[in-house]
Amino acid sequence: MCLRRKRSGAQHRAMEIEDGGRFAAETTAKARALQERLRAELVSRGSVRAPRVLAGVDVAIEASGHALAAAVAWEVASGELRELRCARLPLRFPYVPGLLAFREGPAVLAALALLETPVDAVLIDGAGVAHPRGLGLAAHVGLCLPVPCVGVAKSRLCGSAAEPAPEPGAWTPLLDAEGRRMGTALRSRARAGPLFLSPGNRISQDGALALVLAALRGHRLPEPIWHADRLGRAAKGRALDAKATPSGGLASIAGEG
DNA sequence: GCGACAG
DNA sequence: ATCTTGTCGC
């Protein structure tokens, strides 16, 4: 692969990202209350007609107590990476099921803000609206983005879904206690456990599923997230923007200092 | 009270 | 998520 690198001063950004204090909570009780309030801002409709470039984000946790978020811009037509970025932030919130956004959200936004490539939508490793209060990481982060966002989790946080058929592409609806659809259990790859995807913001259930299907390329995870996951591990514990190791495979690790 | 519980 | 060795399969 071949990557382009540039600038050292002010970072260009392909999209306006405003966290608006949406990730500031001192206690778990306040965090939950904030989620209840923010869920009203969600837009549950929309789709991406012909996605050209998609962003993928994943977060790795470092022993130093930092969150290392990796974001990539991936071109749908060619299946190639256009840009790779990493952001490292100190962790200031513990992992509590249902409150992941307060722990990883800031790092995710920081990494996305470093992308200079315009993207049509964002795929995030985590739950979207398939969450106890309807505001998983991808939905919460999605409130700060100008484009559609989808959450793709490797396991189920809540709700129930029938096991999808063995064939790749098979899916079943992920339902809440009242039988309303929250997301989709998707068999993205043969002999692999299903993915649990759900809309983040600015997209519908159908739109979210279509987007994920369009980003699958043989791996269990959609390609943008698969690459972000790999980049995160490669950069973990290392200086960002460091020169590549010949054997590492990556040309470099681009990110903020 | 007892389980379930993204990353 | 992270801690970790070998191992089965394409």
Side-chain angles (χ1 to χ4, degrees), chain A residues 23 25 28-29 31-32 34-35 38-39 42 56-71 86-112 122-143 149-161 166 168 174-178 181-186 188-201 208 212 216-222 224-238:
Chain A
F23 295 86
T28 55
R32 293 192 181 88
L34 181 52
Q35 292 180 319
L38 293 175
R39 64 183 301 179
L42 291 172
V57 193
D58 185 39
V59 179
I61 301 302
E62 303 183 301
S64 62
H66 292 259
L68 180 66
C86 286
R88 174 177 284 128
L89 273 66
L91 288 167
R92 44 171 291 181
F93 204 90
Y95 170 68
V96 179
L99 301 181
L100 184 64
F102 293 91
R103 179 176 174 78
E104 304 186 346
V108 168
L109 286 178
L112 285 172
V122 178
L123 301 183
I124 297 178
D125 189 322
V129 299
H131 172 280
R133 288 167 294 285
L135 201 77
L137 176 65
H140 201 144
V141 165
L143 291 177
C149 180
V150 174
V152 180
K154 297 182 291 299
S155 61
R156 185 187 57 78
L157 169 60
C158 64
S160 61
L174 176 60
L175 311 170
D176 67 14
E178 283 67 55
R181 185 173 179 186
M182 296 192 291
T184 304
L186 172 67
S188 56
R189 179 183 176 160
R191 296 178 301 292
L195 248 33
F196 296 85
L197 66 100
S198 58
N201 191 28
V212 170
L216 293 178
R217 290 291 187 284
H219 292 296
R220 177 158 87 123
L221 289 171
I225 293 179
W226 186 84
H227 279 296
D229 181 56
R230 250 171 111 265
L231 170 61
R233 293 187 208 186
K236 184 161 54 175
R238 305 178 60 183

Set of residues satisfying side-chain contact (heavy atoms from CB on, under 4.5 Å) with respect to A:Ala208, sequence neighbours excluded: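 Result, side-chain contact (heavy atoms from CB on, under 4.5 Å) vs A:Ala208: A:Val150, A:Leu197, A:Pro199, A:Ile203.
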Hey, what do you get for [atom1] ([X]) to [atom2] ([Y]), rounding to the nearest 0.5 Å?
X	Y	atom1	atom2	answer
A:Leu137	A:His131	CG	NE2	9.5 Å
A:His66	A:Ile61	NE2	CD1	11.0 Å
A:His227	A:Leu221	NE2	CG	11.0 Å
A:Leu68	A:Glu104	CG	CD	11.0 Å
A:Arg133	A:Arg39	CZ	CZ	9.0 Å
A:Leu135	A:Leu99	CG	CG	10.5 Å

Over 12 foreign heavy atoms within 6.0 Å of CZ, A:Arg92: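 No, CZ of A:Arg92 has 12 or fewer neighbouring heavy atoms, counting only those of other groups under 6.0 Å.
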Enclosure of A:Arg189 CZ (heavy-atom neighbours >12, cutoff 6.0 Å):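 Atom CZ in A:Arg189 is not packed in, count stays at 12 or less.
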Identified stems (criterion: three or more consecutive Watson-Crick or G-U pairs, under 3.5 Å), DNA chain B: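 Correct response: none, since no qualifying run exists.
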Touch class at under 4.0 angstrom, heavy-atom based, for A:Ala63 against every strand present: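 The answer is nothing, as A:Ala63 stays clear of every strand by at least 4.0 Å.
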Check: A:Arg220 side chain, A:Pro194 main-chain N or O, donor-acceptor pair, under 3.5 Å: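 Present.
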Donor-acceptor under 3.5 Å (A:Glu62 side chain, A:Gly237 main chain):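 Yes; at least one donor-acceptor contact below 3.5 Å.
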Qualifying side chain to side chain donor-acceptor pair (under 3.5 Å) pairs with a residue from residues 149-160 of chain A, counting only residues at least two apart or across chains: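 For residues 149-160 of chain A, and leaving out neighbouring residues, the side chain to side chain donor-acceptor pair (under 3.5 Å) pairs sorted by first residue read A:Asp125-A:Lys154.
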Range-with-range stems of DNA chain C (Watson-Crick or G-U pairs under 3.5 Å, three or more in a row):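 Stem segments: none to report.
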Sort me out a list of protein N/O and nucleotides 4-10 of chain C N/O pairs below 3.5 Å, or just none if empty.
none

Annotated protein contacts, base or backbone, on nucleotides 2-7 of chain B with a non-hydrogen cut-off under 4.0 Å, one of B, S, - each: --SBBB
